[in-house]
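See below for the structure under consideration.
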Amino acid sequence: NRVTCWGSDEFGQSTPAVSSAKQVSAGVDHTCAIDMNDRAVCWGMNDKGQSSPIEVPLLAISAGLDHSCAVTQDGQTTCWGQNNHGQLQP
């Protein structure tokens with residue numbers, strides 16, 4: 001469950017904000033994870049809000065270009081970040 005990232009770190013996307021996680025998803029300039037308490041943790045670029053996750057327990061998470069999406073434990077899909085192409089409307 002140890003988190004290790006590599007590659008470009010221009011925006012801090014390869015410097016994990018958590019030491020262990022249940023799931024990790026790397027976007028282009030940001031990275032998100034589900035921590036051991038089922039909460040989202042994101043790091044790296046946040047100019048579009050893509051690294052500002054919701055505060056609810058999660059089952060799955062995915063980091064995209066300038067947005068991120070997750071499935072909550074109650075089965076709802078939620079997204080945050082840039083919405084210039086409707087990517088926040090699952």
Side-chain angles (χ1 to χ4, degrees):
N1 295 352
R2 184 171 174 249
V3 177
T4 303
C5 298
W6 55 92
S8 175
D9 199 33
E10 181 178 356
F11 304 105
Q13 68 269 34
S14 293
T15 304
V18 293
S19 59
S20 60
K22 293 182 176 183
Q23 181 186 343
V24 176
S25 178
V28 175
D29 294 325
H30 75 291
T31 305
C32 292
I34 298 176
D35 70 14
M36 302 309 288
N37 295 314
D38 298 325
R39 302 292 180 174
V41 180
C42 297
W43 57 93
M45 172 93 52
N46 194 34
D47 64 328
K48 307 287 191 296
Q50 65 268 37
S51 293
S52 301
I54 59 168
E55 295 292 326
V56 298
L58 301 177
L59 293 174
I61 196 164
S62 181
L65 175 61
D66 290 324
H67 70 289
S68 302
C69 294
V71 178
T72 64
Q73 286 189 349
D74 64 1
Q76 300 296 311
T77 301
T78 185
C79 298
W80 57 93
Q82 188 171 32
N83 191 35
N84 61 330
H85 298 290
Q87 57 267 51
L88 301 187
Q89 283 82 35

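Residue numbers count from 1 along this sequence. From a predicted model like this one, the values you see are computed outputs, not experimental measurements.
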Open item on the list: Applying side-chain hydrogen bond (donor to acceptor under 3.5 Å, both in side chains), can you list everything that pairs with Ser20, at least two apart in sequence or on another chain?
Closed with: none

TODO: Give, for atom OG1 of Thr78 and atom CD1 of Ile54, the distance between the pair rounded to the nearest 0.5 Å.
DONE: 4.5 Å

TODO: Sorted by first residue and then second, give each salt bridge (charged side-chain N to carboxylate O under 4.0 Å, His left out) pair with at least one member in residues 39-63; sequence neighbours left out.
DONE: none

Distance-only donor-acceptor pairs under 3.5 Å for side chains of residues 61-68, two or more places apart:
residue, atom, partner, partner atom, Å
Ser68, OG, His30, NE2, 2.7
Ser68, OG, Gln50, O, 3.0

Task: Residues which pass side-chain hydrogen bond (donor to acceptor under 3.5 Å, both in side chains) with Asp38, listed by chain and number, not counting sequence neighbours - done: Lys22, Gln73

Open item on the list: Taking side chain to side chain contact (heavy atoms under 4.5 Å, CB included) as the definition, give me every residue that meets it alongside Ser14, ordered by chain and number, with sequence neighbours left out.
Closed with: Cys5, Asp9

Task: Met45 with Trp80, same ILVMFWY side-chain cluster at under 4.5 Å - done: no

Open item on the list: Go through it in stages, so that I can follow the logic: the residues are Gln13 and Val28, the test is side-chain contact (heavy atoms from CB on, under 4.5 Å), and I'd like the CA-CA distance, side-chain angles, deciding distance and then a yes or no.
Closed with: CA-CA 8 Å; Gln13 68 269 34; Val28 175; over 6 Å; no

TODO: Scan for salt bridge (charged side-chain N to carboxylate O under 4.0 Å, His left out) pairs involving residues 74-83, sequence neighbours excluded, and state none if there are none.
DONE: none

TODO: Find the distance between OG (Ser51) and CG (Asp29) and round it off to the nearest 0.5 Å.
DONE: 9.5 Å

Open item on the list: Suppose the criterion is disulfide bond (SG atoms under 2.5 Å apart): which pairs have a residue in residues 24-61, not counting sequence neighbours?
Closed with: Cys32-Cys42

- [ ] Starting from Val71, walk the hydrophobic network (Ile, Leu, Val, Met, Phe, Trp, Tyr; side-chain heavy atoms closer than 4.5 Å) and list everyone else you reach, by chain and number.
- [x] Leu59

- [ ] Sequence neighbours left out, what passes side-chain hydrogen bond (donor to acceptor under 3.5 Å, both in side chains) with Ser52? Give chain and number order.
- [x] Asn46

Task: Shortest non-hydrogen separation from Ala40 to Leu58 and the atoms involved - done: CB-CD1, 3.4 Å

TODO: Determine yes or no for a side-chain-to-main-chain donor-acceptor pair under 3.5 angstrom, with Gln87 supplying the side chain and His85 the backbone.
DONE: yes

Task: Test side-chain hydrogen bond (donor to acceptor under 3.5 Å, both in side chains) applied to Asn37 - qualifying residues, sequence neighbours left out - done: none

TODO: Among Ile, Leu, Val, Met, Phe, Trp and Tyr joined by side-chain contacts under 4.5 Å, find the other residues sharing a cluster with Trp43 and list them by chain and number.
DONE: Val3, Val18, Val24, Val41

